Amino acid sequence: MISDPAAFDRYRHSPNHKTTLWRLFFGTGIVVLFWVVSTAIVLFGGTYALFTWQASKGGAAPAGGMQGFLASPIGILSALGSFAGIWIGLWIAMRWVHGEPLSALLGNSRRVCRPDFLKGLVAVLITSLISEILLYFLEPGISRGTIRLSSWLLFLIPIVALTFLQTSSEEVLFRGYLLRGLAYRYRSPFIWALLPGLLFTSLHWSTNSSAAINACLLASIAAFALLLTLVVYATGNLGAALGAHLGNNLTGFLLISHQASYNSFALFTATPLEGPGWTTTDAVLIAMIGIVSSLLTIVLLLHPRSLLKVAADTAEPAS
């Protein structure tokens, strides 16, 4: 389905001579530092501010301490906002370590391909609907969320904006900065595709879930990372990957949540994956549903006859 890798070859050869391995490691360290700092500000500053505000009103502190804060609506919004640290770190790394504009990570044209962004978003929304139907047959425990429709509509734009901040920062880091930099130095996809994909997948390990559920979730996320890498390889642009990642996370944040700690804004809640009662067979079936969903998305975005087929980024950078 990817017959001409010319667009990606152009993307991988676009870095300048300053994209050495040690500079890539140093730049990654800068990104991680700003990510950690922004997360710490959210965790400790946000928790302290919430507790102080509750105390000033004579109310009790939220149950669960910091975890209770992160599970609250304001905590979720703050956690999503903390991903701004990745964008700041990437800007500093590109500007001062590599001597390139941040826009160079977006694609050959140095801008997001909007048609591919929309195609990636629509494709994942379609396959997410299919996967939710399959998950319902596996475990029909879906109920109406606690948020009222009026409140959901009020928070809709902020959640979409902050979710885009989160997903875009991850895509520009893993499928942009790391993938592009490693592909410039190494031809083997086992390095430039596998290493960022494994790092991206490993960060989704949940300490609250069983080993079997963690394994199934990591398998699903690895398949999703493969999808995101393939569309970048096919287009030489992050547009489709940005749309796909946004569609995936919006489904969980706003429509049907499978995580008890992130369901404050979801219209519906399903049985939490981190909860008890899941068997090894359930975990295997969940992994299969996730993998099939990603494979179907790949077909929608890359098959020559698909209405959602993405296109190679052949445009010249804007002057």
Side-chain angles (χ1 to χ4, degrees), residues 2 5-36 39 83 85-94 97-98 100 102 104-108 120 166-207 214-242 244-245 248-249 287 290-291 294-295 297-298 301-302 313:
I2 306 174
F8 180 74
D9 284 340
R10 181 180 162 194
Y11 180 61
R12 74 186 297 173
H13 290 117
S14 62
N16 60 27
H17 66 282
K18 292 185 178 181
T19 306
T20 59
L21 195 58
W22 78 264
R23 286 177 184 267
L24 199 61
F25 278 117
F26 183 55
T28 303
I30 291 174
V31 175
V32 171
L33 173 63
F34 277 88
W35 191 4
V36 169
T39 301
F83 283 84
I86 295 180
W87 274 108
I88 296 172
L90 284 170
W91 180 83
I92 293 175
M94 290 296 290
V97 178
H98 300 283
E100 290 188 274
L102 181 60
L105 300 178
L106 300 179
N108 294 327
Q166 177 230 341
T167 56
S168 62
S169 67
E170 292 182 355
E171 287 310 303
V172 176
L173 173 59
F174 291 104
R175 255 67 62 181
Y177 184 74
L178 291 175
L179 187 150
R180 175 177 176 262
L182 290 173
Y184 177 73
R185 305 298 307 177
Y186 304 99
R187 292 201 59 84
S188 174
F190 289 103
I191 297 177
W192 58 258
L194 187 61
L195 291 182
L198 288 176
L199 181 58
F200 173 78
T201 301
S202 65
L203 291 176
H204 290 80
W205 176 273
S206 173
T207 57
N214 259 316
C216 87
L217 291 177
L218 293 181
S220 299
I221 293 169
F224 190 63
L226 172 63
L227 152 68
L228 299 173
T229 301
L230 282 176
V231 293
V232 174
Y233 180 76
T235 63
N237 191 281
L238 296 186
L242 288 168
H245 201 161
N248 179 79
N249 286 27
I291 293 171
S294 292
L295 293 176
T297 308
I298 291 173
L301 293 175
L302 298 181
D313 182 5

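Count residues from 1 along the sequence. In this text the structure is predicted, and so the values were computed from the model without any measurement.
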Please give me the minimum heavy-atom distance between [X] and [Y], naming the atom from each residue.
{"X": "Asp9", "Y": "His13", "value": "O-ND1, 2.7 Å"}
{"X": "Leu24", "Y": "Tyr177", "value": "O-OH, 3.5 Å"}
{"X": "Arg10", "Y": "Asp313", "value": "NH1-O, 4.0 Å"}
{"X": "Pro196", "Y": "Phe174", "value": "CB-O, 3.5 Å"}
{"X": "Asn108", "Y": "Thr235", "value": "ND2-O, 4.3 Å"}
{"X": "Asn16", "Y": "His98", "value": "ND2-O, 2.8 Å"}

How long is the span from the [atom1] atom in [X] to the [atom2] atom in [Y], to the nearest 0.5 Å?
{"X": "Leu242", "Y": "Ser169", "atom1": "CG", "atom2": "OG", "result": "10.0 Å"}
{"X": "Leu218", "Y": "Leu198", "atom1": "CG", "atom2": "CG", "result": "10.5 Å"}
{"X": "Leu179", "Y": "Ile191", "atom1": "CG", "atom2": "CD1", "result": "12.0 Å"}
{"X": "Glu171", "Y": "Leu238", "atom1": "CD", "atom2": "CG", "result": "7.0 Å"}
{"X": "Ile298", "Y": "Leu226", "atom1": "CD1", "atom2": "CG", "result": "4.5 Å"}
{"X": "Leu21", "Y": "Leu182", "atom1": "CG", "atom2": "CG", "result": "7.0 Å"}

Query raised in the report: What do the steps show when you test Thr19 against Glu100 for side-chain contact (heavy atoms from CB on, under 4.5 Å), and what is the final call?
Result: CA-CA 10 Å; Thr19 306; Glu100 290 188 274; 3.9 Å; yes
Query raised in the report: Does any non-hydrogen side-chain atom of Leu301 lie less than 4.5 Å from one of Leu227?
Result: yes
Report task. For the residue pair Leu102 and Trp87, establish whether any side-chain heavy-atom pair is separated by less than 4.5 Å. Result -> yes
Taking the side chain from [X] and the backbone from [Y], do they hold a donor-acceptor pair closer than 3.5 Å?
{"X": "Ser294", "Y": "Ile291", "answer": "no"}
{"X": "Tyr11", "Y": "Leu105", "answer": "yes"}
{"X": "Arg12", "Y": "Tyr186", "answer": "yes"}

Requested in this report: Apply the test ring-ring contact (aromatic ring centres under 6.0 Å, His included) to residues His204 and Phe224: give CA-CA distance (whole Å), side-chain angles for both, the deciding distance (0.1 Å), then the verdict.
Outcome: CA-CA 12 Å; His204 290 80; Phe224 190 63; 9.0 Å; no
Query raised in the report: Taking it one step at a time, do Thr28 and Leu178 satisfy side-chain contact (heavy atoms from CB on, under 4.5 Å)?
Result: CA-CA 8 Å; Thr28 303; Leu178 291 175; 3.4 Å; yes
Report task. Using the six-membered ring wherever Trp is involved, compare the ring planes of Tyr233 and Trp192 and label them parallel, tilted or perpendicular (cut-offs 30° and 60°). Result -> parallel
Query raised in the report: Under the side-chain contact (heavy atoms from CB on, under 4.5 Å) criterion, do Val231 and Thr297 qualify, and how do the steps go?
Result: CA-CA 10 Å; Val231 293; Thr297 308; over 6 Å; no
